[in-house]
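Atoms considered below: every heavy atom in the structure, side chains included; atoms not considered: hydrogens, waters and symmetry mates. Being a predicted model, the structure only gives us computed values, none of them experimental.
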Amino acid sequence: MKKIIPVEEGDYYLTPEGYRCFTEQYHLKRGYCCESGCRHCPYGFDKKTNSIKNYNN
């Protein structure tokens, strides 16, 4: 079961279209990549290649 993360100020903003867009702050609090290609993904997931970029190389 996934842990429920309470949404706090700075965790998201509303796009001009009215969608909730989660920020890097929220993704880091959540603690894992959902592999959905999020706009502010701090984990480096690339939806086109379906992989997470390795920053250690």
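The minimum heavy-atom distance between Glu9 and Gln25, with the atom names listed, is O-NE2, 3.2 Å. Contact between Val7 and Phe22 at its shortest, heavy atoms only, is CG2-CE2, 4.5 Å.
Defined by atom type and a distance below 3.5 Å, a donor-acceptor pair is present between the side-chain atoms of Glu17 and Thr15.
Cluster membership for Ile5 and Leu28, using ILVMFWY side-chain heavy atoms within less than 4.5 angstrom, is not shared.
For the atom pair CD1 of Ile52 and CZ of Phe45, the computed distance is 7.0 Å after rounding to the nearest 0.5 Å.
When side chains are defined from C-beta on, Leu14 does not count as touching Tyr19, because their heavy atoms never get closer than 4.5 Å.
Remark: side-chain polar atoms of Glu24 are not paired, donor with acceptor, to backbone N or O of Asp11 under 3.5 angstrom.
Annotation: Lys47, atom NZ; neighbour count of heavy atoms from other residues, nucleotides and ligands within 6.0 Å does not exceed 12.
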Show which side-chain atoms of residues 31-42 pair as donor or acceptor with protein atoms under 3.5 Å away, not counting sequence neighbours.
from	atom 1	to	atom 2	distance (Å)
Arg39	NH1	Tyr13	OH	3.4
His40	NE2	Tyr13	OH	2.8

